[in-house]
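Notes follow once the structure below has been shown.
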Amino acid sequence: METADINGIRKRIEELRTSIRENNRRYYVENDPVISDYDFDMLMNELAVLEKAHPELVTPDSPTQKVGSDLRDRTGQDGARHEFAQYPHKYPMLSLGNTYDISEVEAFADRARKGLDTSFTFCCELKFDGTAICLTYRKGVLFRALTRGDGIVGDDVTENVRHIYNIPQKLEGSGYPDEFEIRGEIYMPYTAFDRLNEERMRDEDQPFANPRNAASGSLKLLDPDEVGRRGLECTLYHLAGGDLPFATHDEALKAAASWGLPISDKRRICHSIEEIEEYITYWDKARKALPFATDGIVIKINELPCQKELGYTAKFPRWAVAYKFKAEQALTRLLSIDYQVGRTGAVTPVANLEPVLLSGTTVKRATLHNYGQMHLLDIHIGDYVYVEKGGEIIPKITGVDTDRREPGAQMPVFPDKCPDCGTPLVKDEGEARYFCPNQDGCPTQIKGKLVHFISRKAMNVLAGDATIDQLYSLGYVRTPADLYSLTKTQLLTLDGWKDKSARRFLDSLEASRKTTSFDHVLFALGIRYVGETTAKSLARHFGNIDALMHADRDTLLSVDDIGEVVADSILDYFSKPAHLEEIRRLEQAGLKFSAEEESEPKSSALERKTIVISGNFSVSRDEIKETIQRNGGKNSSSVSGKTSFLLAGEKPGPEKLKKAASLNIPVISEEEFRKMLPQDPENTESGTSVHGTGPADQPTLF
């Protein structure tokens, strides 16, 4: 082969690897894929074909040789810290080979027959569209839950998994091994997905594109209670181990179900390709009636000795394959584009479409997300556009049929002024969206902030959009503080309001000022980028609004979950006199702007000790901090001469270690720290070394 040819192939291989790695990161880490599963698989297939033809160009770090990883860097793109303890998988968690054609399933079966000298059957199961999980049970009790990670090491999400209602903490029945692993999928049912996205859109957060992204993002939250509220569910489908007392995969799943583990009852044992095809055809239609998302069928060799004999490639098991359903798509005409302003001032383009039937519902409107997405699609008014439903729920435009574009079709002109108040729009550096900066004068933003303020997760006032609309139109309310000055006489002038409805509303306002905690009040203020979880972190760290208002940038950045973008937004919010006046009025109305008094310490073991923590621990950093406070100690974010000791987990920050050494500050391990505390159940943990090693004699998938 000529040098020019091989150089061209080498260049294409590097292009494919770069694209695949970036899309893997978007899919597994950011939960924000920008291409479809099918398009991704086509890139992977092209790379595999080129590498097979040119084995001299294969490298150990090629995506064809490795599983996609959901492990985050210690610091994410947003500048915030994302910290979970990490543990090795006892058996590596591999991926599955994907196919979109029944002929490739036949080829899989033929390869298995050639590799085996005995008859076998197939176990066909639904492929749940969620995020992989590995559970370890010891003596019938849930011991640990790990994400897939990079297939070798996973993030420890045990505390989050304990808040998923259908995962048992303790097994039922008998006959289970003293210790075993079981793999499966954590997913978000459509009803929970709809509810979450409605909340996110009300809060001007980007909605999740599909239930898979929502499940994966929810599992990595730092607040286990919030994970529990997300409505996640789990289905388990594979027992891992070298000496399982079962003859078949199906028999193992039946045993697991008898122990109270969530196992799907929709699998089927098939004896031929014809039966497999019948199963696929049935579920390609019937899946649309399921309450959760599925994206295909998994076909496994049922007999466990056959699985062992067939073994694995570097990335896939040879005894299983996934048949992927194609996304349902419709082609329709783009009639016009509306530009909507939200409570944070973000301007979102929304496409008006000729009505089209898609996944059983009529679609008339679809989001275009932002200016960048419109530009990427090169969309024109009158174009015929492809519409899909992300997870078969949210309509989105995925492409344009440019061959059908009419001559003279006009590109849409994104407004340069706010569609509501006429203020010139701005675009922050690095942002894909345009914003109206008139936060305190744009009617749509004002009403949006009022609706956010009274929402259930904020002040939980018994009212909605229609009430806010009337109160604003009548001039009764312009800021949240105005709500607490409303009179019954004013409320009775609202359309349809009687004595009872006015009284209920006023009672609800009264309850909100007495019972709403500081973190919820902080969330209700509507500071850009400060969501519910971030508000909790800020409330926990600062304790009161005065400390938060006077915090400088470095202090804000020392708080868990706070990156540069969030810190700058907080500083900007508190720099405006109108916001400070609003907080003063809300304080006068009786809202809580300081955290509740801490309960009495459990002990005085850490009294007068100022402790800095760094690294990964067997439990979350928040739990470590709470343990310090419960035992009389004080948390600090930076090492100084006042620091009593540095509590170092796995991979502590090198700068903190260096500073501690220069000041002769003791550095102690988590084990040493535990020994300093009274040995009661609340201060005793069973965690082991974060990066200990375990046997890897037999890999297993999922």
Side-chain angles (χ1 to χ4, degrees), residues 29-30 71-85 205 217 220-223 226 344 428-431 518-519 521-523 525-576 579-580 583 593-595 610-617 620-626 628-629 633-643 645-660 662-663 665 667:
V29 178
E30 301 300 326
L71 298 177
R72 283 185 181 268
D73 292 334
R74 289 287 301 279
T75 301
Q77 282 193 325
D78 57 0
R81 290 180 291 277
H82 305 273
E83 297 181 354
F84 287 90
D205 290 332
K220 290 292 190 78
L221 292 172
L222 298 180
D223 181 358
E226 177 61 20
T344 63
D428 293 342
E429 186 177 350
E431 286 273 4
F518 174 40
D519 59 306
V521 174
L522 190 56
F523 174 58
L525 293 179
I527 303 171
R528 193 173 170 194
Y529 303 123
V530 175
E532 188 181 8
T533 301
T534 302
K536 285 182 179 178
S537 296
L538 291 168
R540 184 186 301 117
H541 186 92
F542 291 102
N544 62 70
I545 195 68
D546 288 331
L548 175 58
M549 285 194 297
H550 292 98
D552 59 22
R553 194 171 190 268
D554 288 342
T555 304
L556 289 169
L557 289 172
S558 72
V559 182
D560 285 345
D561 307 329
I562 304 299
E564 293 180 357
V565 172
V566 181
D568 289 341
S569 177
I570 294 169
L571 291 170
D572 178 68
Y573 181 88
F574 288 120
S575 71
K576 293 184 167 63
H579 295 162
L580 302 182
I583 289 170
F593 278 97
S594 62
T610 300
I611 302 163
V612 176
I613 66 173
S614 182
N616 295 328
F617 299 89
S620 72
R621 290 165 65 94
D622 283 343
E623 287 183 64
I624 294 286
K625 289 179 179 180
E626 287 174 9
I628 290 170
Q629 290 174 343
K634 178 183 177 183
N635 288 290
S636 177
S637 59
S638 58
V639 177
S640 70
K642 296 180 180 179
T643 303
F645 60 82
L646 173 65
L647 172 54
E650 291 289 327
K651 296 185 177 179
E655 291 303 316
K656 287 184 178 178
L657 288 174
K658 184 178 178 182
K659 185 75 175 290
S662 70
L663 296 172
I665 303 295
V667 178

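Note that the structure is predicted; figures quoted are calculated from it, not measured.
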What I'd like to find out is whether the side chain of [X] reaches to under 4.5 Å of the side chain of [Y], using heavy atoms alone.
X: L556; Y: V566; value: no
X: L557; Y: E564; value: yes
X: F574; Y: I545; value: yes
X: I665; Y: V612; value: no
X: V530; Y: F523; value: no
X: L647; Y: F617; value: yes

task: Run the numbers on Y573 and I583 for side-chain contact (heavy atoms from CB on, under 4.5 Å), then give the verdict.
output: CA-CA 11 Å; Y573 181 88; I583 289 170; 4.3 Å; yes
Could you pull out all residues at least two apart from [X] that satisfy salt bridge (charged side-chain N to carboxylate O under 4.0 Å, His left out)?
X: K536; value: D223
X: D519; value: none
X: D546; value: none

Residues which pass side-chain hydrogen bond (donor to acceptor under 3.5 Å, both in side chains) with [X], listed by chain and number, not counting sequence neighbours:
X: E226; answer: R229, R230, K457
X: K576; answer: D572
X: D554; answer: none
X: T643; answer: none

field: Contacts of type side-chain contact (heavy atoms from CB on, under 4.5 Å), residue K659, not counting sequence neighbours
entry: V639, S662, L663
- request: Could you list the residues that satisfy side-chain contact (heavy atoms from CB on, under 4.5 Å) with L657, not counting sequence neighbours?
  value: L646, P652, V667
Starting at [atom1] of [X], measure out to [atom2] of [Y] and round the result to the nearest 0.5 Å.
X: I527; Y: L571; atom1: CD1; atom2: CG; value: 10.5 Å
X: T534; Y: I570; atom1: OG1; atom2: CD1; value: 7.5 Å
X: H541; Y: K625; atom1: NE2; atom2: NZ; value: 7.0 Å
X: I611; Y: F645; atom1: CD1; atom2: CZ; value: 3.5 Å

task: Might you work through the side-chain contact (heavy atoms from CB on, under 4.5 Å) test for D568 and R553, ending with a clear yes or no?
output: CA-CA 7 Å; D568 289 341; R553 194 171 190 268; 2.7 Å; yes
Could you report the tightest heavy-atom contact between [X] and [Y], atom names first, then the distance?
X: L580; Y: M549; answer: CD2-SD, 3.5 Å
X: S636; Y: T610; answer: CB-CG2, 3.6 Å
X: A539; Y: A595; answer: O-CB, 4.5 Å

- prompt: Does S569 use its side chain to pair, donor to acceptor, with the backbone of R528 at less than 3.5 Å?
  reply: yes
message: Holding to ring-ring contact (aromatic ring centres under 6.0 Å, His included), I want the full list of residues that pass it with F542, two or more places apart in sequence or in another chain.
response: none
- prompt: So which of V521, L548, N544 actually passes side-chain contact (heavy atoms from CB on, under 4.5 Å) with F593?
  reply: V521
